[in-house]
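To start, the structure under review is shown below, and the notes come after it.
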There are 2 protein chains.
Amino acid sequence: MQNFQALYDYIEKLTGKMLSVDDKQVFTAHFKPNKIRKRQYFLQEGDVCKYTGFIVKGAAKTYTVDEKGNEHILKLSVEDWWLADFESFYKLTPSRFNIEALEDMEILQITHASVEEFIKPIPAFTSMQNVLSQNNTIAAQKRMQSSISQTGEERFQELVNDYPHFIQRFPQNLIASYLGLTPETLSRIRKSSSK
Amino acid sequence: MQNFQALYDYIEKLTGKMLSVDDKQVFTAHFKPNKIRKRQYFLQEGDVCKYTGFIVKGAAKTYTVDEKGNEHILKLSVEDWWLADFESFYKLTPSRFNIEALEDMEILQITHASVEEFIKPIPAFTSMQNVLSQNNTIAAQKRMQSSISQTGEERFQELVNDYPHFIQRFPQNLIASYLGLTPETLSRIRKSSSK
DNA sequence: AAATACGCTTGATTAAAATCAATCTACTTC
DNA sequence: GAAGTAGATTGATTTTAATCAAGCGTATTT
C-alpha cells in the first residue's frame with residue numbers, strides 16, 4: 001500500500017525510530033484510506049471531528065465563517081500534516097470549524113478511540129506525538145507573536161520565508177485570510193514591497 | 001515542603017493519578033525551589049532558557065521588545081502554570097523573549113536534561129504532559145482564531161470571559177499588549193463598551 | 001511630606017487596513 | 001465557443017487603531 005508507505009516514512013524520519021512489520025500491521029488495520037474531492041468537506045461546522053487524517057496527497061483549509069459571511073482561515077494543510085480540529089477530536093464536542101479540500105486528497109484517517117487503544121502502544125507513534133507536540137508549541141508561539149507584534153507586511157514576509165511553497169500553491173485570497181488580511185490589502189502589500 | 005505540595009496537587013488533579021512517596025522523592029531531588037523578586041528576570045533575550053519553572057506563587061510576563069522599543073506581551077503566567085520559552089528550552093537556542101516577574105514569585109525549576117532523565121519515567125508526569133499538550137493545542141488554536149478573525153473589542157470580551165482574574169490582577173496596559181492593542185485603544189474600547 | 005513613577009484617560013492627528021465598487025484575466029463548464 | 005466563475009488588481013472612501021501629547025490620580029520611594 002503506497003498510501004501507508006508515506007505515513008511510515010514520515011514517522012520514521014521524524015522520530016528516527018523504525019517501525020516493525022507488526023507495527024505496520026497495526027497501522028493498516030486501524031487507519032482507513034479515504035479520498036476527498038476538491039471542495040468536499042472533511043469536517044463541517046457543528047459536527048464532531050471524529051477522525052484525524054494523515055494527508056498523503058492534496059491540501060485543505062480549516063476555517064470559520066463569521067456573522068457577515070466572511071471566511072477566516074486558521075490553517076492550511078498539505079502532505080505529511082495531520083488534519084483535524086483537535087479540540088473537537090479530543091473532547092468530542094461540536095466543531096466551530098470547517099475543513100475543506102482545496103485539491104483532491106488522499107488521507108489515512110482514524111478515530112481517537114482507535115489511536116488510544118491500538119496506536120499509542122507503538123513507541124514510535126508516541127515518540128512522534130512528543131515531537132509534534134514540541135513543534136506545535138513552537139510554531140503556535142511564533143505565529144501568535146507575529147500576530148500581536150508585526151504588521152501585515154512583516155507577517156507576509158515571514159510566511160514567504162517559512163513556507164515558500166504555500167505562496168506557490170495557494171491563491172492569494174487564501175493566504176491573505178490566513179494572515180488575517182483582506183485580499184485587497186495583501187495585493188497592495190505585495191505591490192508596494194516589490195518596488 | 002509546602003512548595004512541592006502545590007506541584008503534587010496540580011499533577012494529581014490534572015491527571016487523576018496519585019504520586020507515590022518514591023515519585024515525590026524524585027521531584028524533590030530534581031526540582032530546585034527558586035525565588036524571583038518583582039521586576040527580576042527569569043529569562044533574558046539572547047540567553048538560553050535552561051529551566052522550566054512551575055509557578056507556586058506569583059505572576060510573570062513573557063514579552064519581546066521591537067525595534068521601536070515597544071513591549072509585546074506573548075504570555076501572562078500565574079500560579080500552576082509552567083514558565084519557559086519552550087522553543088529555547090527544547091532546542092537550547094538563544095531566546096527572543098524576556099520573562100520577567102510581575103510579582104514576587106516562588107517557582108520550582110528544572111532543566112530539560114533532568115526532566116528527560118529523571119522525571120519522564122514517572123507515569124503521572126508523562127500523563128500530565130499529554131493533557132497539557134492537548135490543552136495547549138486547543139488554547140493556541142482558539143487564541144489564533146480570535147486574533148485573525150475578531151476585533152480588539154471582541155478579543156477583550158473573550159479574555160474577560162476566559163480569564164476574568166487576569167483583568168483583576170494585571171494592569172490594563174499589560175492586558176492591552178497581550179491582546180495586541182495599545183493601552184489607549186483598550187481604554188477607549190472599555191469606555192465605549194461599558195455604555 | 002514631597003517627589004517620582006506608574007497607570008489610566010482623553011483629545012487631536014496620522015497611519016493602516018477594511019469596505020465598496022469596478023475591471024480584467026484565466027479557467028472551468030456546459 | 002460561449003457563458004459563467006474565481007481570483008487579482010486598482011481606485012475611492014470609510015473605519016479602525018496607532019501615535020503623539022497632555023493631564024490626572026494613586027502608589028511608591030526616599
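Since the structure is predicted, the reported quantities are computational estimates derived from the model, not experimental observations. We name chains A, B, ... by the order of the sequence lines, and we start the count at 1 in each one.
Counting to the nearest Å, the C1' atom of D:dA6 and the CZ atom of A:Arg39 are 9 Å from each other. We find that CD of B:Glu184 is positioned 16 Å from P of C:dT13, with the value rounded to whole Å. Rounded to whole Å, atom C1' of C:dT9 lies 14 Å from atom CD1 of B:Ile189. The interatomic distance linking B:Asn70 (CG) with D:dA17 (C1') rounds to 14 Å, in whole Å. Rounded to whole angstrom, the span from the CG atom of B:Asn173 across to the C1' atom of D:dA18 amounts to 16 Å. Atom pair A:Glu154:CD and D:dA18:P shows a separation of 14 Å (rounding to whole Å applied). A straight line from NZ of A:Lys191 to C1' of D:dT10 spans 7 Å, rounded to a whole angstrom. Per the geometry, CD belonging to B:Glu153 stands 14 Å off C1' belonging to D:dT15, to the nearest Å.
Atom OG of residue A:Ser127 and atom CG of residue A:Leu14 lie 8.0 Å apart, to the nearest 0.5 angstrom.
Aromatic rings of B:His112 and B:Phe89 (six-membered ring for Trp) have centroids within the 6.0 Å cut-off, being under it. Between B:Phe54 and B:Tyr10, a ring centre-to-centre spacing shorter than 6.0 Å is recorded. Between A:Phe118 and A:His30, a ring centre-to-centre spacing shorter than 6.0 Å is recorded.
An OP1 or OP2 oxygen of C:dT9 is reached within less than 4.0 angstrom by a side-chain nitrogen or oxygen of B:Gln172. Contact annotation: B:Thr185 side-chain N/O to D:dA17 OP1/OP2 distance is not under 4.0 Å.
Side-chain to base pairing of A:Arg188 with C:dT19: one donor and one acceptor N or O lie within less than 3.5 Å of each other.
Partner of A:Ser77 under the side chain to side chain contact (heavy atoms under 4.5 Å, CB included) criterion, out of A:Ile99, A:Ile55, A:Ile107: A:Ile55 alone.
Mapping A:Thr182 and B:Pro171 onto DNA chain C via the closest heavy atom, the residue that lands nearer the 5' end is B:Pro171. Nearest-nucleotide positions on DNA chain D place A:Pro183 closer to the 5' end than the other of A:Pro183 and B:Lys38.
Within 4.0 Å of A:Lys68, counting heavy atoms only, lie sugar-phosphate atoms of the nucleic acid but no base atom.
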